[in-house]
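All remarks here apply to the structure that follows.
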Amino acid sequence: MNKELKDIVKAGKIPLLEEFYSIQGEGFNTGKAAYFIRTGGCDLACHWCDSKETWKPEIHEYIEIDAILQRVKQTPANTIVITGGEPLIHNFDEFCAKAKSQAFTLMLETCGAHNFSGVWDWVCLSPKQTKPPKAEYFQIADELKVVIFEEKDFLWAEECAKKVTNSCALFLQPEWSRFEKIGIMLVDYVKQNPKWNVSLQTHKFLRIP
Ligand code: SF4
């Protein structure tokens, strides 16, 4: 972790971009109600990123973990999804310990490029070629979700699929802005390679956060 990223880790707090109670729109847990916590900060700069507002953690307010969990408890949510940005540029040990002590199911969405921390019930690894995952993430991942922007990304997906465990669920997801072009290609690919599943960002179709 570089100095800039080290400086943004603050005990008892995480930089919060947004939080909301909604439905998991993509991947294995599609359709499941969950409280989403989107953290600020990501150093990957994927050119097709739809969360560019997360890239600058310094502009996000650091919020007490206890205060966030208090707000989760005001909803019926029993599951928390931590997403970003890239959540694991921050250390999540403290957050997970506190959330687990309150019996929440914890799910993580990560690119896997930073030090692993926290205790999770579900880890969705969404690897990016700009900064590939550390080796340990391929063993930890419950779900591999590869975003397909262009045809050559299928090669990247296969490269990653070779490294995960046999129990890891495999998903290919069309990049949203190229859905029309990539969607059909992706369906054909999954029909030819049925170990994969199609993941769609259903929350965007439903127009929910
Ligand atoms: S890893 Fe995710 S949040 Fe970070 S730049 Fe890439 S798409 Fe955006």
Side-chain angles (χ1 to χ4, degrees), residues 1-2 4-9 14-20 22 24-30 34 36-63 80-92 95 107-118 120 122-138 140-150 152-157 159-161 163-164 170-179 181-183 186 198-204 209:
M1 191 182 286
N2 64 32
E4 191 185 343
L5 291 179
K6 252 186 204 160
D7 288 346
I8 63 177
V9 175
I14 53 174
L16 186 66
L17 179 69
E18 59 177 341
E19 57 185 316
F20 49 88
S22 187
Q24 172 59 283
E26 57 193 62
F28 185 89
N29 292 301
T30 295
F36 286 76
I37 296 172
R38 185 182 293 282
T39 58
C42 184
D43 60 348
L44 268 72
C46 305
H47 61 92
W48 41 260
C49 179
D50 62 1
S51 308
K52 290 193 172 76
E53 69 279 15
T54 68
W55 290 6
K56 294 185 176 170
E58 66 278 7
I59 65 171
H60 307 130
E61 197 178 350
Y62 281 79
I63 305 290
I80 297 174
V81 174
I82 301 291
T83 185
E86 170 46 50
L88 292 193
I89 64 172
H90 315 288
N91 184 294
F92 263 81
F95 180 93
M107 298 185 175
L108 170 69
E109 308 256 339
T110 179
C111 70
H114 306 87
N115 290 338
F116 185 78
S117 60
W120 306 95
W122 190 264
V123 174
C124 174
L125 176 63
S126 187
K128 306 296 186 306
Q129 295 181 72
T130 45
K131 197 165 185 177
K134 289 173 178 267
E136 64 182 313
Y137 281 85
F138 291 109
I140 293 165
D142 297 292
E143 170 182 5
L144 175 68
K145 185 176 66 192
V146 183
V147 175
I148 304 295
F149 181 80
E150 54 194 334
K152 69 181 174 59
D153 294 337
F154 289 118
L155 296 174
W156 168 241
E159 200 182 307
C160 294
K163 299 177 183 173
V164 296
L170 303 179
F171 285 88
L172 298 172
Q173 180 170 295
E175 196 278 319
W176 178 250
S177 70
R178 292 164 63 87
F179 177 78
K181 183 169 182 196
I182 297 293
L186 197 146
V198 174
S199 170
L200 297 178
Q201 292 179 293
T202 55
H203 52 295
K204 294 192 178 181

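Positions are given from 1 along the sequence. In listed order, ligands and their atoms are each counted from 1.
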Please name all residues satisfying salt bridge (Lys or Arg N to Asp or Glu O under 4.0 Å) with Lys181, sequence neighbours left out, ordered by chain then number.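 Result, salt bridge (Lys or Arg N to Asp or Glu O under 4.0 Å) vs Lys181: none returned.
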Of the protein N/O/S atoms, how many lie under 2.8 Å from atom 4 (Fe) of ligand 1: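 Near atom 4 (Fe) of ligand 1, the number of protein N, O or S atoms below 2.8 Å is 1.
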Does a side-chain N-to-carboxylate-O contact under 4.0 Å join Glu150 and Lys152?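 Yes.
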Give a yes or no answer on whether the side chain of Gln24 reaches the backbone of Asn29 with a donor-acceptor pair at less than 3.5 Å.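 Such a contact is absent between Gln24 side chain and Asn29 backbone.
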Residues two or more places apart in sequence or in another chain: which of them pass side-chain hydrogen bond (donor to acceptor under 3.5 Å, both in side chains) with Thr39?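 Expected list: none.
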Pairing residues for Gln129 by the side-chain hydrogen bond (donor to acceptor under 3.5 Å, both in side chains) criterion, not counting sequence neighbours: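 By the side-chain hydrogen bond (donor to acceptor under 3.5 Å, both in side chains) rule, Gln129 matches Asp153.
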Phe20 and Phe36 aromatic ring geometry - parallel, tilted or perpendicular at 30°/60° bounds: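 Parallel: the ring planes of Phe36 and Phe20 meet at under 30°.
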